[in-house]
Each structure stands twice: as structure tokens, then as C-alpha cells.
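Written out below as C-alpha cells is the structure these notes cover.
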Amino acid sequence: MIYTVTLNPSVDYLLEVEPFQIGETNRAKAQSMVPGGKGINVSRVLKRFGISSEAFGFTAGFTGDFIKEELSKEGITHRFIETNGQTRINVKLQTKTETEINGQAPIIEKAHIEQLLSQLDILEVNDVLVLSGSVPSILPSDIYKRIIERVKPKNVPVFVDTSGASLESAVQASPFLIKPNQDELEDLYQEKVTDLGSAVKLAKKTIEKGVENVLVSMAGDGAALITKEKGYVATVPKGIVKNSVGAGDSMVAGFLFAHMQGMDVEEAFRFSVAAGSATAFSEGFCTLEQVQSMISEVSIDII
Ligand SMILES: Nc1ncnc2c1ncn2[C@@H]1O[C@H](COP(=O)(O)OP(=O)(O)OP(=O)(O)O)[C@@H](O)[C@H]1O
Ligand SMILES: O=P(O)(O)OC[C@@]1(O)O[C@H](CO)[C@@H](O)[C@@H]1O
């Protein structure tokens, strides 16, 4: 079974506002509300690929109830722990340039963390764990590291997609894969990433620290995958970006799906990039058919 953990889920409130003017009353041309959060998005994309997973994490209040109801409608199994307050609402403004305002996490207590850790004790060999998204500031920033260390004896591959201090500490626990974007990689090393070459250099440093696979996304500028054995860089398909929310999560889901289908590393990388772009070019999330039709547009160089 695949388990995704979203410590900080959200209701994503997507608003199409064009033109958008700061300081004015802007009116939306279209709007929608969807359950969000990176782990949840990974579960959603996997479901669209025909793979089931179980979503873990914390939810609270009416926004949390909305998330659970909508996920059930989508056929995604979940086991969220109810905390106090309200799950955040993240505003995604679809204007000429995409602008996001991510809300604050609700109150999470020590007992809730303990509950999550014991839930994760059900993991067994052959399971996969995905730890995705920001760590609420009320939680210890090294919680992903603690989770990875806790499941390590079970030999479960752990995928991590996060930022800042939680990414830095997760790296110390040598997960199976991390997926930093350009900003996250820069933050990790306090060093500018200007192109794929500089991303590759930092990704290789991360491999030396013990991470098994580093998948770097640089939006429309390409992607890189560095493993213990090899390095690959990819071009991304060309197209019109409709909504890039969840493009990175689609990459993670794509790599995981491909890995489970037994594709080799290069093909899994190609599939993953195609999945990211297929989501970026869609209003919502990619379908398997869209990804398959985009695979031939991803060209890969071994470096
Ligand atoms: N302009 C674009 N053209 C083509 N593909 C894109 C573009 N933007 C994003 N993508 C696809 O989405 C993938 C992830 O993009 P990005 O680097 O923005 O990740 P991210 O910041 O983690 O995304 P998010 O947080 O929005 O989910 C890219 O590797 C690529 O496949
Ligand atoms: O604030 P975080 O946890 O870093 O990111 C949360 C978020 O922006 O990520 C997803 C897209 O990747 C959205 O569904 C969600 O709103």
C-alpha cells in the first residue's frame, strides 16, 4: 500500500481574476474549491492513474470536513486525525502570473503527533510512504526526519517533497527520493540555482549525503534526476500553462507510479516530467492518457 502524509492540508480556492489590480475590488471570472495539500494531490494523481493509496495527516473544522467528504467522493481512502481549529484555505489567484496565498495551519497538539506516529506503525515491507508539503510551524521541523527514521527498519521507500528546515532535516535521514524545485534547492544550500547545470551540482551534493534519488523540477526550464549511479537532465514539453498547482505533486506521483510499474529509472523520470507538464497544461490534474501522450515530448540526456 502507498501511504501519503499531508501534515498541512488545505482547501484550495482557485480564483480566475483577470485583470488583477492590487488595491482595487477585483471580481472572479471563475472559481472552484478543491481539497489540496501536496500529499493529498499525490493520492489524487495516483487514483487517476488507477493506483490506490491511503491519505494520512491532520484536518480540522468545516474545511477539514470538506476535504474528507470530497476525497471520499473521489474514491480516495483517508485516515485524517481531527485537530482543533480549521484546516487552512489557500488562495490560488489565476492571473497573468500565478499568485498564491497559503493560510496557516490549525492547532496540532503533541497527542495528535503521537497518534500519527502510531498510525504509521502499520507500514510493512513493500509499502511506500510519501511525506509531502509544509510542516505546520507548531510542529517540530524535523518531524519528517523522525518519521523516516521510525520506518527505516521496515525498508519502506520514503518520498519527500517539502521545503526549508524540514527538507534539510529530512535529507539527514537519507530518504529514497526528494523532489525540490528550484527555490527549495537554493534554500537547502543557500546558493543560487541559475540553470540545470547548477541544479545538478547541488543535487549531486545531496546524493553524497545519502539521499538515493534527487528529482529537481525547474518549471518550464527542465528537470534533472540524480541517482547514486547516474544523472539525467530533461527538457519539458511545450504548451500553455493553465494551472500549475499540483504540477510538482504530479511529478512525484508520476515517478512513484512508474517505479511501481517496473519502469527503469530513465523511463520513470520521463514519465514523471510528462505528468508534471500534463497537469500544468490542464485546468485540474493530469490523466494517464494525457501523460502517455506527452511522454515522447520529453527528451532526456544522460550526464
Ligand atoms: N511552464 C511549464 N512548461 C512545461 N512544464 C511545466 C511548466 N511549469 C511546470 N511544468 C511541469 O511541472 C513540473 C513541476 O514544476 P515546478 O518546478 O513548478 O514544481 P513545483 O514548484 O513543485 O510545483 P507546484 O508547487 O506548483 O506543484 C515541471 O518539472 C514540469 O514537468
Ligand atoms: O504550503 P505547502 O504545504 O507547501 O503547499 C500547499 C500547496 O500550495 O501545495 C499544493 C500544490 O503543490 C496545493 O494543493 C497546496 O495549496
Side-chain angles (χ1 to χ4, degrees), residues 4-14 32-45 55 57-58 63 67 70-71 87-94 97-105 130-137 139 144 160-167 178-187 193 196 199 215-225 232-255 269-282 284-286 290-291 294-295 297-300:
T4 64
V5 174
T6 312
L7 299 175
N8 203 358
S10 55
V11 171
D12 287 352
Y13 189 28
L14 294 104
S32 61
M33 269 191 185
V34 286
K38 295 190 193 301
I40 287 176
N41 291 340
V42 171
S43 279
R44 172 178 294 123
V45 175
F58 303 116
T63 38
I67 289 176
E70 292 299 309
L71 290 184
T87 289
R88 63 187 173 152
I89 295 176
N90 290 351
V91 179
K92 312 286 177 183
L93 288 180
Q94 297 172 292
T97 51
E98 290 177 319
T99 303
E100 306 186 25
I101 305 170
N102 286 4
Q104 279 189 326
V130 179
L131 305 173
S132 269
S134 56
V135 172
S137 55
L139 297 184
Y144 284 154
V160 180
D161 181 8
T162 188
S163 50
S166 50
L167 175 60
I178 63 166
K179 198 228 54 82
N181 64 19
Q182 188 170 354
D183 291 342
E184 289 157 355
L185 196 60
E186 285 183 351
D187 277 359
V193 172
L196 274 178
L215 180 57
V216 184
S217 66
M218 293 187 58
D221 294 332
L225 174 71
Y232 309 84
V233 288
T235 59
V236 297
K238 290 203 185 338
I240 296 166
V241 175
K242 289 197 180 143
N243 166 29
S244 74
V245 175
D249 310 326
S250 304
M251 272 188 101
V252 173
F255 193 90
F269 178 41
R270 192 189 303 279
F271 188 91
S272 153
V273 172
S277 299
T279 286
F281 301 158
S282 314
F285 288 82
C286 59
Q290 285 167 335
V291 180
M294 225 162 255
I295 280 177
E297 294 175 48
V298 180
S299 58
I300 293 185

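When reading the values below, keep in mind they use all heavy atoms of this one structure, side chains included, and skip hydrogens, waters and symmetry mates. Numbering of ligands and ligand atoms starts at 1, following listing order.
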Closest to atom 21 (O) of ligand 1 among Asp221, Ile240, Asp161, Asn181 (heavy-atom distance): Asn181
Atom 9 (O) of ligand 2 [closest protein heavy-atom partner, distance rounded to 0.1 Å]: Lys38 NZ, 3.1 Å
Location of contacts on Gln182 toward ligand 1, heavy atoms closer than 4.0 Å: neither
Those atoms of ligand 1 less than 4.0 Å from some heavy atom in Phe281: 3 (N), 4 (C)
Residue-ligand contact Glu184/ligand 1, heavy atom below 4.0 Å: no
Test item, Arg88 contacting ligand 2 (heavy atom, 4.0 angstrom): yes
Enumerated ligand 2 atoms positioned under 4.0 Å from heavy atoms of Ser10: 15 (C), 16 (O)
Test item: Leu139 and Phe58 side chains (from C-beta on) under 4.5 Å apart, heavy atoms: yes
Non-hydrogen atom of Gly37 closer than 4.0 Å to ligand 2: yes
Distance filter under 4.0 Å to Val241 heavy atoms, resulting ligand 1 atoms: 1 (N), 2 (C)
Side-chain touch Pro237/Val298, heavy atoms, less than 4.5 angstrom: yes
Arg44, portion touching ligand 2 at heavy-atom distance under 4.0 Å: neither
Sub-4.0 Å atoms of ligand 2 with respect to non-hydrogen atoms of Gly133: 3 (O)
Which residue and heavy atom of the protein sit nearest atom 29 (O) of ligand 1, plus the separation: Met251 SD, 3.3 Å
side-chain contact (heavy atoms from CB on, under 4.5 Å) partner of Ser43, the single match among Val130, Leu71, Thr4, Thr6: Thr4
Per-atom contacts, ligand 2 versus Gly36 - under 4.0 Å to a heavy atom: 14 (O)
Under 3.5 Å donor-acceptor, Ser277 side chain and Ala274 backbone: no
Thr279 (side chain) donor-acceptor with Cys286 (main chain) under 3.5 angstrom: yes
Within-cut-off N or O pair, Val236 and ligand 1, under 3.5 Å: no
Rounded distance [0.5 Å steps], CD1 in Ile89 versus CG in Asn102: 12.0 Å
Ligand 1 atoms in contact with Gly220 (distance to a heavy atom under 4.0 Å): 1 (N), 2 (C), 3 (N), 7 (C), 8 (N)
Atoms in ligand 2 flagged as close to Asn90, the criterion being non-hydrogen separation under 4.0 Å: 6 (C), 15 (C), 16 (O)
Student check: side-chain heavy atoms of Thr162 and Lys38 closer than 4.5 Å: no
Proximal atoms of ligand 1 relative to Val273 (non-hydrogen, under 4.0 Å): 31 (O)
Heavy-atom nearest neighbour in the protein, as seen from atom 12 (O) of ligand 2, with distance rounded to 0.1 Å: Asp249 OD2, 2.7 Å
Ala219 N/O to ligand 1 N/O under 3.5 Å: yes
Separation between CG of Leu131 and CG of Leu167, rounded to the nearest 0.5 Å: 11.5 Å
Close-contact set for ligand 2 against Ser134 heavy atoms, below 4.0 Å: 1 (O), 2 (P), 3 (O), 4 (O)
Taking atom 13 (C) of ligand 2 as the reference point, the nearest protein heavy atom with its distance: Asp12 OD2, 3.2 Å
Within-4.5 Å side-chain heavy-atom neighbours: Met294 and Phe281: yes
Atom 22 (O) of ligand 1 - nearest protein heavy atom and its distance: Lys179 NZ, 3.0 Å
For atom 8 (O) of ligand 2, closest protein heavy-atom neighbour: Lys92 NZ, 2.8 Å
Residue list, ring-ring contact (aromatic ring centres under 6.0 Å, His included) with Phe271, at least two apart or on another chain: Phe49, Phe257
Main-chain N/O of Thr235 paired with Ser299 side-chain donor or acceptor, under 3.5 Å: no
Those residues that, when tested against Glu98, pass salt bridge (Lys or Arg N to Asp or Glu O under 4.0 Å) (two or more places apart): none
Contact check: Glu100 vs ligand 1, nitrogen or oxygen atoms, below 3.5 angstrom: no
Nearest option to atom 23 (O) of ligand 1, as decided by whichever heavy atom of Gly248, Pro237, Ser217, Ala234 sits closest: Gly248
Point-to-point distance, once rounded to the nearest 0.5 Å, from CZ of Phe269 to CE of Met251: 6.0 Å
Separation of Asp12 CG from Arg88 CZ (nearest 0.5 Å): 8.0 Å
Nearest-contact summary for atom 10 (C) of ligand 2 - protein heavy atom, Å: Asn41 ND2, 3.5 Å
Atoms of ligand 1, numbered as shown, that sit under 4.0 Å from any heavy atom of Lys38: 25 (O)
Phe285 side, atom CZ; Asp249 side, atom CG - distance, nearest 0.5 Å: 6.5 Å
Donor-acceptor pair, side chain of Gln182 and main chain of Val193, under 3.5 angstrom: yes
Which residue and heavy atom of the protein sit nearest atom 26 (O) of ligand 1, plus the separation: Ser244 O, 2.9 Å
Enumerated ligand 2 atoms positioned under 4.0 Å from heavy atoms of Glu100: 8 (O)
From CG (Leu14) to CG (Asn90), nearest 0.5 Å: 10.0 Å
Proximity of Lys238 to ligand 1 by residue part, where a heavy atom lies under 4.0 Å: neither
